[in-house]
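First up is the structure itself, then whatever we jot down about it.
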Amino acid sequence: MILPANRAIFFSIFHVYRAQLVRPFCLEKMTTQSKWKVEKNKIANLPLEEKRKLYKPGDFIILDKVDPWCKFVIKNRDIEMLKHTLDDLTEFQKIKLDPSKDKELSEKVSIFQGDITKLEIDAIVNAANSRLIAGGGVDGAIHRAAGPFLQEECNSLHGCGTGEAKITSGYNLPAKYVIHTVGPRDGSVTALQSCYDKSLAFHHEHKIKSIAFPCIATGIYGFPNRLAAHIALRTARKFLEANEEMERIIFCTFMPVDVDIYKTLMQMYFPVHGWNYNDGASVSE
Ligand code: AR6
């Protein structure tokens, strides 16, 4: 048993000891937090030429070098050989398009074959996990190129639900922002559509005029590639019809299977020659 006088001494020693133990941890936490915030502000205010020194020299692609879809179609006439299927037609007919916008919108979308981390645009989207801890696939590539402060900022966001999206700085990436979204692991169409909707919804607050999407959920999470492309394309089409400020949505295709799917389906959702797919023209069984 501790006597009253000894008890006071015991507790004051205990408090001093506890403060010594806890303080370095708190300080450490504050220093780390403020480091990413300082870095984020610093990068946001760097002139472009200075910012470019952060990424590998010459290792970036500016928006002007990514052909808009209307130009891509003219340069790659062979894509007309890629025919959509009856299932594609059924999916496609789930939305009603405004054909008067076809020409304008075919200048606002692109397909880009390659590494999303190279794009010097306003925002790239990351196919993340719900803990926002760097994983494999495109997530790993983005974290490696952005540097460690990206993980530090992610740690402050308290995770991200399936179908939700959160935004961070791009740090050492050529892209200004990374939008982290978590695709479904159970094949949910609603959740995947929500990934695209919620990512695009950041455009207003952050003045995002150019954005690139990887094929969310089609890698490690196993969502069927073709259905995922329909969801991406119809969500983008509806968004662009309603939001004139967005200048470019880029679909980043990394796997050969997605390259072919997007080349086929873009011709339906962003027709350049005014083909009428609702008539069932150019269908392969
Ligand atoms: N640039 C563009 N696309 C890429 C790149 C790249 N550098 N690397 C891969 N892809 P995935 P998910 C493509 O697996 O299915 C992570 O561990 C890839 O070929 O990256 O949503 C997260 O932490 C595929 O077409 O994302 C989660 O745990 C697409 O990106 C989980 O994976 C998406 O594949 C998320 O799985």
Side-chain angles (χ1 to χ4, degrees), residues 55-56 59-61 63 65-66 109-148 150-155 157-168 170-175 177-199 210-233 235-236 248-266:
Y55 25 104
K56 284 190 215 151
D59 204 14
F60 60 92
I61 297 159
L63 185 59
K65 294 281 177 206
V66 183
V109 287
S110 300
I111 46 175
F112 168 72
Q113 270 169 263
D115 183 355
I116 202 166
T117 67
K118 306 289 181 222
L119 294 171
E120 190 184 64
I121 56 175
D122 291 337
I124 60 170
V125 176
N126 180 19
N129 55 62
S130 57
R131 292 184 302 143
L132 297 183
I133 302 283
V138 69
D139 189 16
I142 288 174
H143 275 270
R144 280 192 298 279
L150 179 62
Q151 185 62 63
E152 299 294 349
E153 187 173 358
C154 283
N155 293 347
L157 297 176
H158 311 294
C160 179
T162 301
E164 299 293 322
K166 299 222 170 151
I167 191 164
T168 63
Y171 296 95
N172 296 348
L173 281 164
Y177 297 106
V178 178
I179 297 172
H180 308 261
T181 190
V182 182
R185 309 172 84 146
D186 62 357
S188 163
V189 168
T190 323
L192 186 59
Q193 182 165 330
S194 172
C195 288
Y196 286 92
D197 278 331
K198 298 263 168 81
S199 299
S210 51
I211 183 168
F213 286 94
C215 301
I216 302 165
T218 62
I220 294 165
Y221 284 180
F223 200 99
N225 299 61
R226 209 166 181 97
L227 180 56
H230 275 284
I231 294 164
L233 291 169
T235 312
R248 192 78 71 85
I249 298 181
I250 299 171
F251 301 100
C252 184
T253 51
F254 200 66
M255 305 296 284
V257 59
D258 289 316
V259 177
D260 278 357
I261 290 173
Y262 274 80
K263 281 179 179 170
T264 310
L265 300 185
M266 291 270 283

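Below, all heavy atoms of this structure are taken into account, side chains as well, without hydrogens, waters or symmetry copies. One-based numbering, in listed order, for ligands and for the atoms of each.
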Can you report which non-hydrogen protein atom sits closest to [atom], along with the distance?
atom	answer
atom 19 (O) of ligand 1	Met255 CG, 3.3 Å
atom 31 (C) of ligand 1	Tyr221 CE2, 3.5 Å
atom 26 (O) of ligand 1	Ala127 CB, 3.5 Å
atom 21 (O) of ligand 1	Ala217 N, 2.9 Å
atom 32 (O) of ligand 1	Ile220 CD1, 3.2 Å
atom 30 (O) of ligand 1	Val138 CB, 3.8 Å

Under-4.0 Å heavy-atom contact with ligand 1, by part of Phe254 that carries it: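 The answer is the side chain.
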Classify the contact between Asp258 and ligand 1 as side chain, backbone, both or neither, using a heavy-atom distance cut-off of under 4.0 Å.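 Under 4.0 Å from ligand 1, Asp258 contributes side-chain atoms alone.
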Run the numbers for me: atoms of ligand 1, each under 4.0 Å from some heavy atom of [X], listed by number.
X	answer
Gly114	1 (N), 2 (C)
Asp115	1 (N), 6 (C), 7 (N)
Cys215	25 (O), 29 (C), 33 (C)
Asp139	22 (C), 23 (O)
Gly137	8 (N), 9 (C), 20 (O)
Cys252	2 (C)
Gly135	17 (O), 23 (O)
Ala141	7 (N)

Would you say that Asn126 contacts Thr181 through its side chain, given a criterion of any heavy-atom pair below 4.5 Å between the two side chains?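 Asn126 vs Thr181: side chains apart.
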Considering only heavy atoms from C-beta outward, does the side chain of Arg226 approach that of Thr264 to under 4.5 Å?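 Contact flag for Arg226/Thr264 side chains = yes.
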Is Gly136 in polar range of ligand 1, meaning some N or O pair under 3.5 Å apart?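 Yes: some nitrogen or oxygen of Gly136 is under 3.5 Å from one in ligand 1.
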Using distance alone, decide if ligand 1 has a nitrogen or oxygen within less than 3.5 Å of any nitrogen or oxygen in Ile116.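 Yes; the residue has a nitrogen or oxygen that sits under 3.5 Å from a nitrogen or oxygen of the ligand.
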Contact with ligand 1 for Gly183, non-hydrogen, under 4.0 angstrom: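 Contact check Gly183 vs ligand 1: negative.
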Less than 4.0 Å is my threshold; does some heavy atom of Thr218 fall inside it relative to ligand 1?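 Yes, Thr218 has heavy atoms under 4.0 Å from ligand 1.
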Between OG1 of Thr235 and CG of Leu192, what distance do you get to the nearest 0.5 Å?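 Answer for the OG1-CG pair, Thr235 versus Leu192, is 7.5 Å.
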